[in-house]
Structures are given as structure tokens and as C-alpha cells.
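In what follows, every chain begins at residue 1, and chains take the letters A, B, ... in the order their sequences are listed. These figures come from a predicted structure and were not determined experimentally.
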Protein chains: 2
Amino acid sequence: MGRFLSTFQGRLDSKGRVSLPAAFRVVLEEDGFAGVFLHPALEQPAIEAGGNRLLATIDGLIGRFSPYSEARDLLATALYGQAETLRPDPEGRIVLPERFKAHAGIGSELVFVGLGEKFRIWSPQKFTAHLEEATLSLRDVRASLSAPDGEGKFPPVARGT
Amino acid sequence: MGRFLSTFQGRLDSKGRVSLPAAFRVVLEEDGFAGVFLHPALEQPAIEAGGNRLLATIDGLIGRFSPYSEARDLLATALYGQAETLRPDPEGRIVLPERFKAHAGIGSELVFVGLGEKFRIWSPQKFTAHLEEATLSLRDVRASLSAPDGEGKFPPVARGT
DNA sequence: TTGACGCCCAAGATTTCCCATGTTAGCCCA
DNA sequence: TGGGCTAACATGGGAAATCTTGGGCGTCAA
């Protein structure tokens, strides 16, 4: 299954529309999702977006808690309540809700960054800064890859698909 | 099947009507429910609402307790006894019973918050506070996902599809 | 008669759709 | 290998369809 790869620049037109990168639209269609699912990133001033795969991840997270449990309600509020599904117009453009633009500090320009099963939308400046920081942290991760298990800042974790 | 997603603002007009967000009406129709089912939230000053799926969840919850058990009576009283089914007018508006508005502290403005299989109706102020709490616990969950087993507010969960 | 409620109609404001125009990238052929 | 040609994309706007809101009426019931 295709992945979201590479980064693309975009600009909001006078009506607030941006076209999703064609490469990303292809992945979304493969994924069989009619539209894009978006939610604010937890720890970053960015928007996360994706299709069914992303949605399934979230469903999985919420679905572990039983209905009417406190944990479930809180998670659903933070994830579903802040999320949005947008349908691109026939040309593949979407309009970002004001709330998202505010969270990500997006003005008239933005950047789409592929992360494999999902992608992020950033303001160019914020992304540049984030990238720099990420590059630094990456060294630590890399170091932990070659260190014996259990050492390093990033403990290795088992992962499923 | 569609989910209730995102949050919407609403306002009561001079007759006490609010329009249900169009996106939510679509989900309710898909769900095949003629109207909206509402009941006061158990732990929060908010109203919970939904369609057949919500009803099924409630049935399941109550069904777990044996007939004539105290727990069952309590739940049934709280969930069914306080509930109400409203039918939107041709424009998709409903009138909230006074009792609900009182429970949720709703004045003339309110917020609809999608939670997947159901949605909640809050007073804007109360919701803002609740959202903050929800966001914090989401961070905890995220932390517990990457933390060593057994730590964090939320129990560790297995990963993988 | 008065008030609550349901239905109908009428704007206004958005959002969605449709079409037209630059641009870019890839391709074919001389 | 250079020069078009064509197909896909990204854009810009205008037109049409939706949604949200605010009232007007008529009905039913207290």
C-alpha cells in the first residue's frame, strides 16, 4: 500500500483553498477513504492527516476502553472532537478550518510532509524549526540503534504493523 | 459507517431552537434513526445524543447486569429514565427541554462535540474546561504508549493491527 | 385565549461545483 | 538531442446548491 512521501509546498488562495499534493491524493484514494481525515497533532503545532489507516489507528486507541469509561470519553473528546473529515473539491482542494490554521500557525503558506501512513501540514517556518530539532534528536535515536538494548534516550520498543 | 466528528457552535434562537450540525444529521440518517436520542451525561454537565448505535451501546451496557440488580436499575433510571427523543423540524432544528439545559448549564449558546458513535452538547464555557482536561489525558496516554510497561495513568496497551 | 409546537417560507451566508487558464513535466519524433 | 505536443496539476473565479437563521401561521391543548 502506498505511503505518503516527500514534502510539498502549498498556498491558500483567496478563498482559503489549497490543493492536496497529487501524490497524496493517490494514496488516499488507494486507501479507499472518501476525503481526508484531519486532527491537530498532539505535541506539535501541526495538523495530522490521513485516510482509513490513520482513522483505524485512532479507533484502535479509543476502542480499547469500554463505552462510558472516563478514559474513553476523554480520548474521544480530544481525538474525535477535534478531528474533521474534509472532502476535496473536484480539483483536489480543501479548505482548512480556522481552528486548524490557528493550531498550526498557518497563514497563507503551508507545507505537506509525508510520514508514511499519514502526513502533516505545517506552516513553513514552524516546519523548518521542527526539522532542525528533529535532525538533532535523530542523532540520539541513531545512537540508540547501535547501543545495547535498554540504553540511550530512546528505548527500543516492539512495534506491530 | 459515519462517525460524529468535530465540534460545532450553535445558538438558540428566540424560540429556543438550535440547528443540529448538518454533518451530524447525515450520520443520524445513515443510522436509520428518526430523530435524536438524548440523555444527560452521567458524569458531566452535558447532554449526550445519538441514534441507534448509541441506543445499542446503552442496551449493551445495561444488559451486562442481571435483571433486578441494583446496578441495572440505577443505570436504566439514569440513562433511559432521563432520556428523550426529539424530532428535528424540517430545517433540522430541535428544542432542548428545559431539564437538559439546566443539567448542562446551557444559556443561549452551545457546542456540539462529536465523539464517534455519539455526540455531546455543552455550554461553551464548560466545554472549554473539559477539553483541556481531555487534551491532558491524551498526552498521558501517548506517554504511556511509549513508556516502559506499567507506568502512566493509562494501562499499557498492546500494539499492532 | 394563550402558549407550546410543528410546518412553511424567505433571506443571507457559505460551501460546493464547474469551467477556463497558466504551468510544468513527460513523451514522441524529426 | 532539441523542439514541440500533450497530459496532469495547480489556480482563479463565477454560478449553483446547501445550510443556518429568523419569522409568520395554524393547530392542539391547557
Considering only side-chain heavy atoms of [X], which listed nucleotide, [options], is closest?
X	options	answer
B/Glu91	D/dT21, D/dG23, C/dC17	D/dT21
B/Ser19	D/dT20, D/dG23, D/dG13	D/dT20
A/Lys15	D/dG14, D/dG23, D/dT11	D/dG14

To the nearest angstrom, how far is [X] atom [atom1] from [N] atom [atom2]?
X	N	atom1	atom2	value
A/Arg11	D/dC9	CZ	C1'	15 Å
A/Asp89	D/dA15	CG	C1'	15 Å
A/Gln9	C/dT24	CD	P	14 Å
A/Phe24	D/dC9	CZ	C1'	15 Å
A/Glu98	C/dA13	CD	P	18 Å
A/Glu109	D/dA10	CD	P	15 Å
A/Arg93	C/dC17	CZ	P	11 Å
B/Leu96	C/dA4	CG	P	16 Å

* Are A/Arg53 and A/Glu117 ion-paired here, with the side-chain N under 4.0 Å from a carboxylate O? ->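 Result for this pair is no, no salt bridge flagged.
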* Is the phosphate of D/dA10, meaning OP1 or OP2, less than 4.0 Å from a side-chain N or O of A/Arg25? ->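 Result: yes.
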* Could you check A/Leu20 against A/Arg17 and say which one's nearest nucleotide on DNA chain D is further toward the 5' end? =>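 Its nearest nucleotide being more 5', the pick is A/Leu20.
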* Kindly indicate whether a cation-pi arrangement holds for B/Lys118 with A/Tyr68, taking the cut-offs as under 6.0 Å to the six-membered ring centre and within 45° of the axis. =>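 Verdict for A/Tyr68: a cation-pi partner in B/Lys118.
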* Asked: Are B/Ser6 and A/Arg99 close enough, and set up right, to give a side chain to side chain donor-acceptor pair (under 3.5 Å), and what steps lead you there?
  -> CA-CA 11 Å; B/Ser6 182; A/Arg99 168 166 31 117; 3.2 Å; yes
* To do: Step through it carefully: locate the ring centre of B/Phe8, locate the ring centre of B/Phe112, and say whether they are under 6.0 Å apart.
  =>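 No, too far apart.
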